[in-house]
There are 2 protein chains.
Amino acid sequence: MTIPTARRRASIADVARIAGVSVGTVSNVLNRPERVLPATRERVEVAIEQLAFVRNGSARQLRAGTITTVGAIVLDLSNPFFTDVVRGIEHRLELDSYTAMVASSDDDPAREHRYLRLFEEHGVLGVMVVPATDEISHLLTLRERGVGVVLLDRPSPVPDLSSVAVDDVLGGELAARHLLEQGHTRITFLNGPHYIRQCADRHAGVVRALEAAGLDPAEALVEVTVPELNADGGEAGIRTLLERGDRPSAVFCVNDLTALGALRTLRREGISVPDDVALVGYDDVTFAAELATPLTSVRQPTHQLGERAADLLLRPPGSPAEQVVFEPELVVRESSTRAA
Amino acid sequence: MTIPTARRRASIADVARIAGVSVGTVSNVLNRPERVLPATRERVEVAIEQLAFVRNGSARQLRAGTITTVGAIVLDLSNPFFTDVVRGIEHRLELDSYTAMVASSDDDPAREHRYLRLFEEHGVLGVMVVPATDEISHLLTLRERGVGVVLLDRPSPVPDLSSVAVDDVLGGELAARHLLEQGHTRITFLNGPHYIRQCADRHAGVVRALEAAGLDPAEALVEVTVPELNADGGEAGIRTLLERGDRPSAVFCVNDLTALGALRTLRREGISVPDDVALVGYDDVTFAAELATPLTSVRQPTHQLGERAADLLLRPPGSPAEQVVFEPELVVRESSTRAA
DNA sequence: TCGCCGTGCTGAAACGGTTCATAATGTAAC
DNA sequence: GTTACATTATGAACCGTTTCAGCACGGCGA
């Protein structure tokens, strides 16, 4: 058992003493080396090395107010969508030597508040948040207190708050239009509840595509609400359909996990994808292309989403707010294209 | 365009003035409310509310030395294995109201160093690190300076450094033994290069299983080194085999992504899994169970890995170092069990 | 010789909390 | 009425930096 040496960390004063200079000079060596004579600088650097001196970030920040840290809160770090967004954020921050504190709220507003408070106490420059609920007044008051705020994956409801989102209506439209182009005249949509903005928007997109094709959504669209937005939800959705005796020809799933469950269940029932049923997912997760039947999916520019959010946050204070909306892209694979 | 109010954040002195008490009393309200008369406390709380006062974490930490932040560095946040580990860490930290700063090093030692320095400057209690290389002397010196260190997913090479890892030798053995029990007498192993510890260990496990079964590894084991540890690597591995005219009956893949590529390629060549070839993966990623042919895989206790690491880090200083090694578990699914 | 200027360094104030010795006040015991 | 003690509140010292007014010194022009 080793007793950790509880020896106090070396301070700038210790360095100054060893080097035979004043604390001000040590600080200059650290922050404006050009103001210090090379000979003096050398002595200070040797002392720093010798003491293994590491600046105390708290004192530094307290005095200088300098902040190179930002916060990011996403709903779920185990969802590839959000981890990709975070990668984009980190990527952009690195350019300016900023660093991110990352946390997941797990859809829990209380956790979101806890992390926001922590970030604020640590004096972050700003935060990027995927809000757990539609209630964002706390983010507005946070901003009033001087903390930068950028909404992630959610368009801002007020014009003076920056946000970065993806056009989910367009995403739904792309998916539906593709299926219509494949000759289908009736689309089954395995969707989540409409109080989730993404679900409502994607639904609106499907409706738009149907109307553009001269079809009546009341007839041409069958919407099935799945209990969960994952593979089990997809399985349940397909079973519901089959039990009603409704055998779809084209299925659009609100995300790839749901599509995965649908695919599995259709197969087990002896229904071939894409020969009997065309299937389209959403998110284009990494394994979508790797399935036995590669999955057609709507890809969102996750990396750019994060990069742009960080970009907006790092702009000089006083810059006008911006609402950025990215366009999703359809990636066509085997699951929706009947073999020639 | 809104001009952000550059108004200074309210300080504890402001609160004291408004409430008509001293700064010490405000501090007591915040930290030891039971020492303050309810009436006084009330007045202070009203003032806090009124000023929207938020403690300055830097000043707090500078003076009190109190630290409730820890750092975690993993190789790649977009790998589900690591995100699950991080979830475990967060889960454990939450019990004691600690918070984690998370970063990914991308296998880059320079990034690892940069984040470690940042964490140290911010006075973290300790760090949990999946080291990017075998070189860990910087972690030892970091610990000498009073920062807690726990190695993640890597057994410690020195006895007085704590670590949390999974027994990869056992994992390899479990996979191989399972295939042998299915009646196979020759195992093909799609593996990565042995300088990656996990690959070398899993190989050793396979050898152990073969020897235990009385087989000569020189004959019963065919190892194919794949160019990448992902689906393309798996595809390449299978193609190499088939081009040599070697049609395996049992394939063990070093991870699930590799297995995915192998599965896809075998299928395309008209080789059935599991009827013609038994297939086993490693990691038990979320979609392993969701494939058209659900994949047998070696599951690692990722969540526990993270929880335990955080646990070790939070122990009182001076606690003896511990090397924790978890046991992996085989999850048998269709891909390796020939239909009866 | 004197005054002026630029360079390099010094040392103390300030940042915003926590902590602790001390003061003020009230209560109980004798 | 005095002493002893518990309860609350006070305010100054302190944490380790950055910043900045000012000092020492040497060189230069008049």
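Sequence lines set the chain letters: A, B, ... in the order given, protein chains first and strands last, and positions in each chain run from 1.
Within 6.0 Å of CG on Asp134(B) lie no more than 12 heavy atoms contributed by other residues, nucleotides or ligands. Around CZ of Arg111(B), the count of heavy atoms belonging to other residues, nucleotides or ligands within 6.0 Å exceeds 12.
dG17(C) atom P lies 10 Å from atom CD1 of Ile48(B), rounded to whole Å. One interatomic measurement links the two molecules: CZ of Arg60(A) to P of dA14(C), which rounds to 22 Å at whole-angstrom precision. If you take CG of Leu62(B) and C1' of dT19(C), they are 13 Å apart, rounded to a whole angstrom. Rounded to whole angstrom, the span from the CD atom of Gln61(A) across to the C1' atom of dT18(D) amounts to 13 Å. One interatomic measurement links the two molecules: CG of Leu37(A) to C1' of dG6(C), which rounds to 13 Å at whole-angstrom precision. Atom NE2 in His122(A) sits about 14 Å away from atom P in dG17(C), given to the nearest Å.
Val166(B) has its side chain within reach of Leu305(B): a pair of non-hydrogen atoms, C-beta onward, lies under 4.5 Å apart. Between Gln198(B) and Asp153(B) there is a side-chain heavy-atom pair separated by less than 4.5 Å.
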Would you tabulate the side-chain donor-acceptor contacts of residues 38-52 of chain A under 3.5 Å, counting partners in other chains and residues two or more places apart, or write 'none'?
unit_1, atom_1, unit_2, atom_2, d
Arg41(A), NH1, Pro33(A), O, 2.7
Arg43(A), NH1, Ala19(A), O, 2.8

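Proximity of residues 27-35 of chain A to DNA chain D (heavy atom under 4.0 angstrom from any strand atom) is restricted to Ser27(A), Asn31(A), Arg32(A).
When the nearest nucleotides of DNA chain D are assigned to Ala59(B) and Arg43(B) by heavy-atom distance, the more 5′-ward of the two goes with Arg43(B).
In this structure, Thr25(A) reaches the dT10(C) phosphate: one of its side-chain N or O atoms is under 4.0 Å from OP1 or OP2. Distances shorter than 4.0 Å separate none of the side-chain N or O atoms of Ser11(A) from OP1 or OP2 on dG16(D). Between Thr40(A) and dC9(C), a side-chain N or O to OP1/OP2 separation shorter than 4.0 Å is present.
Candidate nucleotides dG16(D), dA9(D), dT19(C) were compared by shortest atom distance to the side chain of Val36(B), and dA9(D) ranks first. Among the nucleotides dC9(C), dT17(D), dG17(C), the one closest to the side chain of Ile12(B) is dG17(C). Among the nucleotides dT10(C), dT10(D), dT18(C), the one closest to the side chain of Ser22(B) is dT10(D).
Across all strands, Val21(A) comes closer than 4.0 Å only to sugar-phosphate atoms, never to a base (heavy-atom distances).
Between the Ser163(B) side chain and the Ser156(B) main chain, a donor and an acceptor come within less than 3.5 Å of each other.
Partners of His91(A) by side chain to side chain donor-acceptor pair (under 3.5 Å), not counting sequence neighbours, listed by chain and number: Glu307(A).
Looking at Arg63(A), its side chain comes within 3.5 Å of the base of dT18(D) through a donor and an acceptor atom.
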